[in-house]
There are 2 protein chains.
Amino acid sequence: MSEKEERERTAGGTLAHRVPDLGALELLLAVARLGSLGAAAREVGITQPAASSRIRSMERQLGVALVDRSPRGSRLTDAGALVTDWARRVVEAAEAFDAGAQALRDRRDSRLRVAASMTIAEYLLPGWLLALRAQRPDTAVSLLAGNSAAVAERLLADEADLGFVEGLTVPHGLDSAVIAHDRLIVVVAPAHPWARRRRPLAAEELAATPLILRERGSGTRQVLDAALGGLARPLIELSSTTAVKASAVSAAGPAVLSELAVREELAIRRLVSIPVDGVALRRDLRAVWPTGHRPTGPARELLSLTRG
Amino acid sequence: MSEKEERERTAGGTLAHRVPDLGALELLLAVARLGSLGAAAREVGITQPAASSRIRSMERQLGVALVDRSPRGSRLTDAGALVTDWARRVVEAAEAFDAGAQALRDRRDSRLRVAASMTIAEYLLPGWLLALRAQRPDTAVSLLAGNSAAVAERLLADEADLGFVEGLTVPHGLDSAVIAHDRLIVVVAPAHPWARRRRPLAAEELAATPLILRERGSGTRQVLDAALGGLARPLIELSSTTAVKASAVSAAGPAVLSELAVREELAIRRLVSIPVDGVALRRDLRAVWPTGHRPTGPARELLSLTRG
DNA sequence: CTCGCTCATAAGACCAGCTTATGCCCTCAT
DNA sequence: ATGAGGGCATAAGCTGGTCTTATGAGCGAG
């Protein structure tokens, strides 16, 4: 038996084997909401025996009783309530995935064509799309992700109705509205000496320290270089936000990243944010459209969602 | 064809049918990281043809090309990079689910027995468990969720090694350390008139308005009643945080909830937070243990994670 | 006492995903 | 040049999980 097989035997296989699939989680949420296996079955479009068997096998898989069955319905056990709350998070992430994926697919015949920068497309857009779907379920949206220049190009060629950019400047020919702010923040692994600093970092200190950075030319790198006067010293240059995060987590050194990108990691303290004095690392997130063509219809709808 | 069937046909079935399963998402992440279908296949423990077919069917399902295959390996397309980022969120939620579910199961033979209040178990503990697993992969944790009194009881009966509570007071016989803070906040749906207020709400105004609340006796209700001097007027009383959230989202009225519980909803603007003047809605989250028995071993490890 | 709701069990159909066995393409080193 | 090796695709067959239909049994209300 290989080492991997041994590990998997004791741990119960891979993640996908230990976690019920989305259908089962959705079913569980429906049971929690409706208080009955049969009703939940109807809602998700299967028969009652299928629901019964599915919940049962989920209980076997998790090794925990999730629902109390009675001739008058089914209620969650205490453990079941907890599991359901955790399950809700998985399903919500899946819904965001779905909203995004549908927008990537549509392309043609969509009533709203959006062009967005990577950071916005990655972290904010799925949520907006879900909200939009809640308000106007039949609005088909298509999404194209690219840098500021690409977004501008699409808009000016009338291949997109609304754009979102995060650069320092607004491309020519476009009007814009600030919809949110983003800050670049300095993060380190909790084990890094800086994590124990009491005083904010000085700008010179930051400029003098080799940092884990995105490659030159990326949006976040531009902002940082501008803020430091072109002085940022790279320890490593990586080509994706994810790679930078991973590198920082493994304590390779301090990294500079968008607040949006590390919100999760900060919340669970996988990374720690270091305050910096005297550097303007704030940047605007903007909605953009061709000069004069104020967004109307679905575009206007989406725009209003992004500002509350 | 029924209405439901019609809707499903056009939308492509239920969520579980539109979103690839966890195994496929994990595989995609592996491909992104390793740059090759075959290598990714080895990592997740399947054969190369299986991986090839799985990625292909995922592309068909989403209607988007995800990877550029070449005789020298596979790289993500632009759309693939975006999809992978969204997929990562789903997988992370699933990992948190898994960490929590394992802790619910173990019960016996676990080296660390934790008792926690619902809110903490729901929102914070999975993240801590993941962090702990990263540091000490072989620490089996068991979890019991209950109110403050139940947590105290377990600790004093030596049936738990470490507890977490969120009440106003620390139960007798326990020492404690504040590990974080939580605030109760007033939230409304974006459509609610309060969402457009410019000035903070006065305490009297809050006390005079019927609110969507948890039932009397719940932790958050206790804190609110104490802060308002027992004056909170319920519009409806519901028995779970989730029900309160749902009710607030559907614009039934203002609700008061833990900041932890609505972080997500605020981020995507499904709910809006209303500042309140002159009321102390802050409460401490505390780790607790039997007086004199400072946590050692795995308990100490976990405790240190909760504070960074 | 029977209707209507609940859930459980059993038997069989079906399909998605896996494996093994191939083959082709490209690159690099001998 | 030529073979070795890594990359991916295709085909055929097996397996297991999940569905369905059919049925039965418990509990409560009219």
Side-chain angles (χ1 to χ4, degrees), chain A residues 2 4-5 8-9 12-28 30-62 65-77 80, chain B residues 1-2 4-5 8-9 12-62 65-77 80:
Chain A
S2 79
K4 171 181 280 185
E5 282 165 349
E8 290 190 352
R9 191 187 56 75
T14 165
L15 185 62
H17 292 152
R18 286 183 314 234
V19 177
D21 67 39
L22 276 175
L25 298 182
E26 279 191 283
L27 176 63
L28 180 63
V31 171
R33 186 153 27 83
L34 301 172
S36 140
L37 292 189
R42 278 192 297 282
E43 183 170 274
V44 305
I46 61 178
T47 59
Q48 172 268 317
S52 180
S53 134
R54 214 157 186 200
I55 295 283
R56 185 170 298 285
S57 72
M58 182 160 40
E59 289 178 316
R60 201 172 8 146
Q61 182 180 23
L62 299 178
L66 299 174
V67 305
D68 270 335
R69 293 129 172 105
S70 90
R72 296 190 313 290
S74 295
R75 287 187 53 76
L76 294 178
T77 60
Chain B
M1 183 182 289
S2 77
K4 171 179 279 184
E5 280 165 351
E8 290 190 351
R9 191 188 56 76
T14 166
L15 185 61
H17 293 152
R18 287 183 314 234
V19 177
D21 67 41
L22 277 174
L25 298 182
E26 280 192 282
L27 176 63
L28 179 63
L29 295 185
V31 171
R33 185 154 28 83
L34 300 173
S36 139
L37 293 188
R42 278 192 296 282
E43 183 171 271
V44 305
I46 60 177
T47 59
Q48 172 267 317
S52 180
S53 134
R54 216 162 182 194
I55 294 284
R56 185 170 297 284
S57 72
M58 182 159 40
E59 288 177 317
R60 202 175 7 154
Q61 182 181 21
L62 299 179
L66 298 174
V67 305
D68 271 334
R69 292 124 172 112
S70 91
R72 297 190 312 290
S74 295
R75 287 188 53 75
L76 295 178
T77 61

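So you know, we letter chains A, B, ... as the sequences are listed, proteins then strands, and number each from 1.
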Give the rounded distance in Å between these two atoms: [atom1] of [X] and [atom2] of [N].
X      : N       : atom1 : atom2 : value
R56(A) : dT18(D) : CZ    : P     : 14 Å
E59(B) : dC8(D)  : CD    : C1'   : 13 Å
L22(A) : dT18(D) : CG    : C1'   : 16 Å
R42(B) : dC8(D)  : CZ    : C1'   : 13 Å
L27(A) : dC19(D) : CG    : C1'   : 13 Å
Q61(A) : dG17(D) : CD    : P     : 11 Å
R75(B) : dG7(D)  : CZ    : C1'   : 15 Å

Can you see which heavy atom on L37(B) is nearest to which on A51(B), and at what distance? O-CB, 4.0 Å
In short, A16(B) meets G23(A) closest at the heavy-atom pair CB-N, 3.6 Å
Straight-line distance of L22(B) CG to L25(A) CG, nearest 0.5 Å: 8.0 Å
If you round to the nearest 0.5 Å, how far is CE of M58(A) from CG of L66(A)? 6.0 Å
Is T14(B) reaching over with its side chain to a backbone N or O of H17(B), donor-acceptor style, under 3.5 angstrom? no
Donor-acceptor contact present, side-chain T77(B) to main-chain A65(B), <3.5 Å: yes
Protein heavy-atom contacts under 4.0 Å, written 5' to 3' over nucleotides 21-30 of chain D as B (base), S (sugar-phosphate only) or - (none), form the string BB---BSS--
Residues of residues 33-40 of chain A with a heavy atom under 4.0 Å from any atom of DNA chain C, listed by number, are S36(A), L37(A), G38(A)
Look at all strands and tell whether S70(A) reaches a base, only sugar-phosphate, or nothing, counting heavy atoms closer than 4.0 Å. sugar-phosphate
Reckon S74(B) has a side-chain N or O less than 4.0 Å from the OP1 or OP2 of dC8(D)? yes
For residues 47-59 of chain B, pull every pair meeting side-chain hydrogen bond (donor to acceptor under 3.5 Å, both in side chains), keeping only residues two or more places apart or in separate chains. D21(B)-R54(B), E59(B)-R69(B)
At how many degrees, to 10°, do the end axes of the helix from dC1(C)-dG30(D) to dT30(C)-dA1(D) meet when each uses five pairs? 10°
Partners of R33(B) by side chain to side chain contact (heavy atoms under 4.5 Å, CB included), sequence neighbours excluded? A30(B), E43(B)
Along DNA chain C, first and last positions that approach a heavy atom of chain A under 4.0 Å: dT6(C) to dT9(C)
L27(A) and I55(A), any side-chain heavy atoms less than 4.5 Å apart: yes
